[in-house]
Amino acid sequence: GTGFRGNITSFESLKPSYARILQVIQSDKELCRMIPFGLKDSNMPSWARPNTNAWYGIESIAAYSPLAARDYKQALLSLEVVDDSLGLRPVDNAALKDNYEVLRLLNVKYVVSSRLLEFPFLEKVITENNVWLYYLKGYLPRVFLTRSLDGEIREETKGRVEILEYRDGLMRVKVNVPGDAFLVFSEYAGPGWDAWVDGQKQPILKVRNLVQAVSLQQGVHEVVFRYDPWPAPALSAGSSLAAGLLCAKEDFRLEEITR
């Protein structure tokens, strides 16, 4: 007889689907996120679905958690990517256009879509078995300088931002600011986060009711964003992930979204 061998599924079946698209994203070493667009569609790759993406080392703005922060879910409501256990609805293509500025702010570089999309701010990277990978033009870095937090947020390219340390609950950067500006950190601005500029605690500004920023004056500064869940008040619906998974690498950073 064949013994156990005949009863074992080939290891080939364990390979992820849409492997070419996955490889493109995994090979990008820049700090960036993706959005799975069309989660209700049956052909959405399993590795792009909320929380599963973490196993593949991919950061995503999608999340599945009953503790998902209410304001985060509300901000992304029409995109149908935050499931607080009540389920998701089919998404309209127009939601991508309507939320373009939000996606830029959330450091979204890639759109994994289960349907063909045609927008001027998207550039097709690759297609594989009726799944499309798009590059989001104009996306913003994980941490950057800007002159204004009003209207369309533009990166201030004359300054310099150097990441000194980045890990769960901590972002430490050295900043050279040519003039008064704001330093934006694309991490959910939930309870428990604090910021220091040159060792002095500074108020965190909430940008678009989503991410964090601090005000800076001209000069060279060291800025630290740190997350400490205690003694943060209990969250109404979640927070960077101690329970709420928002984003997604295995360390869940934007994830700090549901802490």
Side-chain angles (χ1 to χ4, degrees), residues 31-37 39-40 48-55 58-89 91 95-96 98-109 111 139-140 142-143 149 153 166-171 182-195 202-214 224-259:
L31 282 173
C32 62
R33 299 186 175 103
M34 69 93 175
I35 175 176
F37 189 73
L39 282 172
K40 291 290 289 183
R49 294 186 178 278
N51 303 355
T52 305
N53 57 282
W55 290 100
I58 301 173
E59 292 194 65
S60 168
I61 66 168
Y64 174 78
S65 172
L67 298 177
R70 289 177 183 172
D71 50 357
Y72 184 76
K73 179 179 179 178
Q74 188 62 37
L76 303 181
L77 188 61
S78 62
L79 290 167
E80 296 292 338
V81 292
V82 182
D83 186 353
D84 58 2
S85 77
L86 297 180
L88 299 172
R89 296 187 238 179
V91 63
L96 208 61
D98 296 341
N99 289 277
Y100 171 62
E101 292 298 331
V102 171
L103 296 178
R104 292 179 64 238
L105 191 59
L106 288 175
N107 185 222
V108 172
K109 183 175 181 178
V111 178
Y139 75 98
L140 293 165
R142 184 66 52 91
V143 58
L149 298 178
I153 295 179
Y166 186 32
R167 53 182 171 81
D168 285 357
L170 178 69
M171 170 64 84
F182 300 94
L183 180 70
V184 178
F185 176 31
S186 182
E187 195 73 59
Y188 176 68
W193 280 98
D194 291 302
Q202 299 294 324
I204 288 179
L205 307 174
K206 202 167 186 178
V207 186
R208 301 290 196 277
N209 204 36
L210 275 177
V211 301
Q212 311 176 40
V214 291
V224 176
F225 295 90
R226 185 187 298 276
Y227 178 78
D228 183 357
W230 311 108
L235 301 181
S236 57
S239 82
S240 162
L241 249 215
L245 297 179
L246 164 62
C247 248
K249 230 169 182 170
E250 39 284 5
D251 47 274
F252 299 117
R253 292 196 178 109
L254 172 74
E255 331 130 88
E256 303 289 340
I257 203 172
T258 46
R259 243 175 215 177

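This one's a predicted model, so the numbers in the text were calculated from it and none came from an experiment. These numbers come from the heavy atoms of this one structure, side chains and all, not from hydrogens, waters or symmetry mates.
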Measuring from atom [atom1] of [X] to atom [atom2] of [Y], what distance do you get when rounded to the nearest 0.5 angstrom?
{"X": "Asn51", "Y": "Ser65", "atom1": "CG", "atom2": "OG", "answer": "7.5 Å"}
{"X": "Ile35", "Y": "Leu106", "atom1": "CD1", "atom2": "CG", "answer": "9.0 Å"}
{"X": "Ile61", "Y": "Asn107", "atom1": "CD1", "atom2": "CG", "answer": "10.5 Å"}
{"X": "Asp84", "Y": "Tyr72", "atom1": "CG", "atom2": "OH", "answer": "13.0 Å"}
{"X": "Leu39", "Y": "Leu88", "atom1": "CG", "atom2": "CG", "answer": "6.0 Å"}
{"X": "Leu210", "Y": "Glu187", "atom1": "CG", "atom2": "CD", "answer": "11.5 Å"}

Checking Arg89 side chain against Lys40 main chain: does a donor-acceptor pair fall under 3.5 Å?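 No; judged by distance alone, with no hydrogens or angles, the pair does not exist.
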
Do the side chain of Arg104 and the main chain of Ile153 share a donor and acceptor less than 3.5 angstrom apart?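 Yes, the answer is positive, given that a donor and an acceptor are paired below the 3.5 Å cut-off.
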
Heavy-atom count around Arg226 CZ within 6.0 Å, excluding the residue itself: above 12?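 At most 12 heavy atoms, drawn from other residues, nucleotides or ligands, come within 6.0 Å of this atom.
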
Strictly below 4.0 Å, N to O, side chains only: are Asp71 and Lys206 in salt-bridge contact?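 A salt bridge links Asp71 with Lys206.
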
Could you check Leu105, Val143, Leu140 and say which one makes a side-chain contact (heavy atoms from CB on, under 4.5 Å) with Val184?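 Testing each of Leu105, Val143, Leu140 against Val184, the sole residue satisfying side-chain contact (heavy atoms from CB on, under 4.5 Å) is Leu105.
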
Min side-chain heavy-atom separation [X]-[Y] under 4.5 Å:
{"X": "Gln74", "Y": "Asn209", "answer": "no"}
{"X": "Arg142", "Y": "Glu59", "answer": "yes"}
{"X": "Asn53", "Y": "Met34", "answer": "yes"}
{"X": "Leu103", "Y": "Tyr139", "answer": "no"}
{"X": "Ser60", "Y": "Pro36", "answer": "yes"}
{"X": "Val91", "Y": "Val81", "answer": "no"}

Working note: Leu170 + Phe225, criterion side-chain contact (heavy atoms from CB on, under 4.5 Å); need CA distance, chi angles, decisive distance, verdict. CA-CA 6 Å; Leu170 178 69; Phe225 295 90; over 6 Å; no

Using the rule given for side-chain contact (heavy atoms from CB on, under 4.5 Å), can you reason through Arg49 versus Tyr64, listing the C-alpha separation, both sets of side-chain angles and the distance that settles it, and then say yes or no? CA-CA 9 Å; Arg49 294 186 178 278; Tyr64 174 78; over 6 Å; no

Residues which pass side chain to side chain donor-acceptor pair (under 3.5 Å) with Tyr100, listed by chain and number, not counting sequence neighbours: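 Applying side chain to side chain donor-acceptor pair (under 3.5 Å) to Tyr100 gives none.
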
List the steps and the verdict of side-chain contact (heavy atoms from CB on, under 4.5 Å) for Ser78 and Asn99. CA-CA 8 Å; Ser78 62; Asn99 289 277; 2.9 Å; yes

Before giving the answer on side-chain contact (heavy atoms from CB on, under 4.5 Å), spell out for Val214 and Leu205 the whole-Å C-alpha distance, their side-chain angles and the decisive distance to 0.1 Å. CA-CA 6 Å; Val214 291; Leu205 307 174; over 6 Å; no

Is the distance between the ring centroids of Phe185 and Trp193 under 6.0 Å?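 Centroid separation for Trp193 and Phe185: below 6.0 Å.
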
